[in-house]
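What follows is a short report on a single structure.
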Amino acid sequence: MIMASSSSSSIASNFTLLRNNNNDAVLQCGTSRSVRVLNNSIKPLLKLNHKPLRSSVTCASSIQQVEALIGDAEKEKDDGRRVLKVGLICGGPSAERGISLNSARSVLDHIQGDDLHVSCYYIDCNLNAFAISTAQVYSNTPADFDFKLDRSVNPFILEHLAKAVDIVFPVIHGQFGEDGTIQELLEKYNVPFVGTGSNECREAFDKYKASLELRKHGFITVPSFLVQGHETNQSELSEWFKQHQLDPDSGKVVVKPTRGGSSIGVGVAYGVADSLIKAKELISEGIDNKVLIEMFLEGGSEFTAIVLDVGSGTHRRPVVLLPTEVELQFRGAKDVQESDAIFNYRRKYLPTQQVAYHTPPRFSLDVIENIRKGASLLFQQLCLQDFARIDGWFLPNSACNLPSSESEFGRTESGNIIFTDINLISGMEQTSFLFQQASKVGFSHTNILRSIIHHACLRFPNLASIINKAGQVPSKSKYSKLNRSVPRREGARKVFVIFGGDTSERQVSLMSGTNVWLNLQAFHDLEVTPCLLSTTSEYESTVDGKKADNVMNRTVWSLPYSLVLRHTTEEVLAACIEAIEPDRAAITSNLREKVMNDLMEGFKDHSWFTGFDIADEVPMRFSLEQWIKLAKQAEATVFIAVHGGIGEDGTLQSLLDAGGIPYTGPGAMASKICMDKVATSAALKNLANSGVLTINKDVRRKDDLLTKPVNDIWHDITQKLQCETLCVKPARDGCSTGVARLCCSSDLAVYVKALEECLLRIPPNSLSKAHGMIEMPNPPPELLIFEPFIETDEIIMASKFKNETANSLMWKGNSRWVEITVGVVGKRGSMHSLSPSVTVKETGDILSLEEKFQGGTGINLTPPPLSIMSVNALERCKKHIELIANTLQLEGFSRIDAFVNVDNGEVLIIEVNTVPGMTPSTVLIHQALAEQPPLYPHQFFRMLLDLASERSK
């Protein structure tokens with residue numbers, strides 16, 4: 001194996017902070033890589049490092065560098081007001097560390113400003129801490145940069161953090177971040193921080209302790225049984241099952257760690273034996289040493305509620321925003337029905353039609369008010385601070401019965417309200433519950449985050465004076481709805497961001513469009529309107545009585561701020577319909593007004609809060625024809641984020657060309673060619689002698705696959721392509737769905753059956769070789785492409801869970817081919833290749849939907865490490881990529897997927913995406929940040945917008 005080059009030759013001198021017998025701090029110089037803090041009450045070892053200005057420094061120069069960092073942070077604004085310095089800490093040891101990075105990225109996007117400076121810190125799974133660049137925060141997953149962080153590091157002493165920042169915003173989810181550990185560490189060094197204190201975190205994070213506390217305060221709780229270690233008495237558990245009228249052999253229960261966050265390790269078990277097996281598995285896997293077994297709440301509806309403290313000083317005044325109902329959905333035989341379906345990690349963080357969210361819930365008004373009242377009481381009684389997310393269940397009277405008590409809070413005429421989980425650091429991804437619920441009551445992303453930070457500052461007198469002088473800075477964005485009053489601001493450019501559609505990539509399109517829309521709002525000279533291209537479903541098939549079978553009659557919705565923040569296009573569409581339904585709209589409006597009044601009762605005492613910045617607006621509906629006319633009238637530029645279908649096959653581009661409307665990305669003809677993978681290969685055939693190769697393809701009709709014997713088809717294709725293993729993919733769909741490795745005829749049979757039964761997904765490991773979930777196109781494609789499966793060398797990211805020193809990258813290097821993805825930007829005929837990213841597959845041989853688009857999953861190495869590809873080979877590779885882009889007449893931006901020979905830079909083309917993913921975790925952002933100078937997301941998207949405008953001149 002070839003291992004990435006180590007940094008042992010340039011280990012900087014470090015300080016080690018140890019405790020002597022008298023618990024006094026002792027400062028020592030040495031060659032240790034990090035600062036060590038040992039404390040009887042803080043078991044983990046925390047090491048905090050900062051990259052040096054040069055490869056090796058003395059102890060004295062280390063101090064000078066720390067002081068220089070502090071000096072930089074002391075800068076004041078031109079008007080004499082001091083800038084608030086916020087330290088953003090992400091990562092951590094839990095399995096939610098990737099989500100933590102997503103949250104940090106989102107927070108960074110929305111709080112950074114002239115009056116607020118952000119420094120970023122990362123804690124790895126072994127509790128080594130690093131000061132990282134903001135560019136690294138935009139990585140897809142910590143593994144993208146983890147293996148680099150032990151090189152030439154320089155100490156950033158923990159006690160100096162109090163001087164380097166005014167306040168810390170921890171965004172570490174799960175253990176270490178929510179269990180009181182990081183909070184105790186910050187308290188020890190007198191570092192102000194956002195959120196609840198250490199003691200209260202410990203009590204609230206432990207689900208068993210929290211349940212006991214809730215019961216003590218009169219709340220209804222779910223009956224539970226605690227499993228500790230491996231010594232649980234099976235007879236005691238059997239007795240518990242009988243006590244709660246559960247069958248000891250098949251009674252349905254939930255098994256979850258007591259201290260594992262809201263999603264990690266949560267599963268369903270049946271009966272005593274199965275419950276103990278699953279509980280002990282969680283303990284053996286090291287997820288937790290204490291596990292809860294709870295009654296499964298049949299017939300209930302899950303909800304979650306954000307609580308915001310608007311009190312002053314130590315006086316709490318928690319206000320609960322509009323709660324969200326979580327609805328699990330399945331779509332008959334076409335979906336993979338799960339008898340034990342729960343709101344698990346995948347459903348929480350990956351867009352899926354299996355989950356729908358309703359804000360406010362579809363409960364009666366008295367139930368909603370009791371949820372808000374109960375969550376507020378819980379926040380106060382548990383002594384929480386600043387903000388929290390509280391999850392629970394509503395069980396109608398027809399659902400399962402719970403032990404009753406007259407004194408318990410949560411019983412209503414309609415049913416029972418049960419609070420089950422307290423999240424001290426709620427997820428803060430772009431469309432998280434925090435932002436969904438906040439936008440419903442008038443907060444933009446910036447406004448809610450800054451309100452939380454400023455409220456936390458009130459607990460610290462020196463910070464309170466800073467924020468009271470500075471005042472709250474309203475959101476930079478100026479939201480404009482799409483109607484006759486489009487010209488809202490003198491000289492502002494109009495931008496319509498369109499996303500959605502009806503392809504299998506429509507959910508990724510929603511993520512892309514939302515990200516572009518939010519980033520472009522950073523510019524005061526733009527008025528950016530988010531627009532949903534609707535599906536062609538039956539109830540949505542007409543506008544003004546016109547049938548949607550004509551593409552110009554397709555529906556486009558202009559969206560209010562809050563309606564964009566959804567997880568699926570179906571959810572957005574349903575919210576649009578609901579928003580214009582008079583009765584439902586009236587209920588939402590009344591609830592919104594009540595919450596806003598509650599908030600203002602507290603905010604009126606805070607000079608830094610200058611008001612809400614998101615209006616209560618309704619969506620507007622147009623035909624595509626009307627929408628294009630409106631874009632022309634407004635002289636708007638269209639930012640296309642519709643993946644696949646009419647957004648990528650040249651149709652939408654042709655319509656915009658006809659209207660003289662500028663748009664992002666390649667023109668109609670180039671889009672049409674690149675959408676057709678066979679046509680793309682044909683257009684590049686003549687480049688074989690120039691270092692660009694294409695893969696042989698065999699196109700088959702779906703109907704032929706369904707009617708002919710599978711063994712005959714397999715033999716015919718493998719003989720024709722002269723290979724033993726195949727890669728199958730839709731001929732004209734996007735790059736994420738329906739792609740699978742087939743190793744034998746039985747694999748083909750499984751795939752064909754999925755097409756025949758219109759399955760939405762093929763479950764993991766259904767084929768002969770291990771793989772993850774395969775999302776399938778819906779409806780199934782009419783044409784499918786078969787190609788020889790290209791074997792590449794496995795790249796291994798050594799796990800730091802196993803060995804602290806194994807934080808490295810390993811590569812076998814046998815075939816000399818690796819898979820890359822690379823963005824190209826520029827004008828037609830002079831496209832520029834960004835630095836390629838090497839893609840690392842974590843499950844199976846095909847990149848999953850998560851690995852491509854979901855932040856916190858998938859690994860991309862940008863640029864390719866020198867241990868894999870030399871600088872010369874990389875430059876030749878980029879020249880070949882530019883040749884491909886210019887041959888295909890690309891312009892604006894696109895993404896090219898290929899295999900590359902690491903020795904000579906020769907490229908074997910996979911496909912070209914003319915509307916590539918633009919999600920917060922897209923590799924295009926990583927590659928833009930690798931440019932010199934770096935292009936941050938808002939700058940990158942603005943550049944793409946400007947390229948579109950320049951082309952139209």
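Values below: all heavy atoms of this structure, side chains included; hydrogens, waters and symmetry mates excluded.
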Nearest 0.5 Å please: distance from the [atom1] atom of [X] over to the [atom2] atom of [Y].
X    : Y    : atom1 : atom2 : result
S921 : E429 : OG    : CD    : 9.0 Å
F603 : H455 : CZ    : NE2   : 8.0 Å
L321 : I448 : CG    : CD1   : 6.0 Å
N128 : I123 : CG    : CD1   : 9.5 Å
F387 : D309 : CZ    : CG    : 11.5 Å
F409 : I418 : CZ    : CD1   : 12.5 Å

- Intermediate values then yes/no, side-chain contact (heavy atoms from CB on, under 4.5 Å), V307 and L384: CA-CA 10 Å; V307 188; L384 308 185; over 6 Å; no
With heavy-atom distances below 4.5 Å as the criterion, would you say the side chains of [X] and [Y] are in contact?
X    : Y    : value
L424 : E200 : no
N423 : H173 : no
Y357 : Q436 : yes
R259 : N289 : yes
F609 : H454 : no
K290 : L226 : yes
E178 : Q183 : no
L214 : L378 : yes

Heavy-atom donor-acceptor pair, [X] side chain to [Y] backbone, under 3.5 Å:
X    : Y    : value
S103 : M428 : yes
R316 : G311 : no
D421 : D391 : no
S376 : P318 : yes
Q385 : G195 : yes
Q175 : I287 : yes
S211 : K207 : no
Q112 : V118 : yes
S100 : V171 : yes
D206 : E203 : no

At their closest point, which heavy atom of [X] faces which heavy atom of [Y], and how far apart are they?
X    : Y    : value
L458 : A464 : CA-CB, 4.2 Å
G392 : T420 : CA-OG1, 3.7 Å
P142 : Y122 : CB-OH, 3.3 Å
G410 : I220 : C-CD1, 3.8 Å
G265 : P257 : O-CD, 3.7 Å
I172 : G92  : CG2-CA, 4.0 Å

- Message: Looking only at side-chain N and O atoms, does T324 offer a donor or acceptor that is under 3.5 Å from a partner on Q437?
- Response: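 Yes - a donor-acceptor pair under 3.5 Å links their side chains.
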- Tell me yes or no: between the side chains of Y138 and D109, is some donor less than 3.5 Å from an acceptor? yes
- Task: Begin from the C-alpha positions of F193 and F169 and carry the test ring pair (Phe, Tyr, Trp, His ring centres under 6.0 Å) through to its verdict.
- Result: CA-CA 6 Å; F193 61 89; F169 197 150; over 10 Å; no
- Message: Below 30° counts as parallel, above 60° as perpendicular, anything between as tilted: where do the rings of H567 and F433 land?
- Response: tilted
- Task: Quick one: sort the H110 and F435 rings into parallel, tilted or perpendicular, breaks at 30° and 60°.
- Result: tilted
- Item | Verdict with reasoning, V227 to I283, per side-chain contact (heavy atoms from CB on, under 4.5 Å) | CA-CA 9 Å; V227 177; I283 295 170; 4.2 Å; yes
Identify whether the distance between the nearest side-chain nitrogen and carboxylate oxygen of [X] and [Y] falls below 4.0 Å.
X    : Y    : value
K216 : E213 : yes
E184 : R202 : yes
R450 : D115 : yes

- Would Y189 and L161 satisfy side-chain contact (heavy atoms from CB on, under 4.5 Å), going step by step from the backbone distance to the final call? CA-CA 8 Å; Y189 285 92; L161 192 61; over 6 Å; no
- Item | F130 ring center near Y121 ring center (under 6.0 Å) |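 Ring-ring flag for F130/Y121: false, centres at least 6.0 Å apart.
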- Do F303 and F419 have ring centroids that are under 6.0 Å from one another?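 Between F303 and F419, which both carry aromatic rings, the centre distance is below 6.0 Å.
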- Message: Taking atom OH as the centre, does Y208 end up with more than 12 heavy-atom neighbours from other residues, nucleotides or ligands that are less than 6.0 angstrom away?
- Response: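 Counting other residues, nucleotides and ligands, OH of Y208 stays at 12 neighbours or fewer.
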- Item | CA sep, side-chain torsions, deciding dist, call: V222, W393, side-chain contact (heavy atoms from CB on, under 4.5 Å) | CA-CA 10 Å; V222 183; W393 288 78; 5.8 Å; no
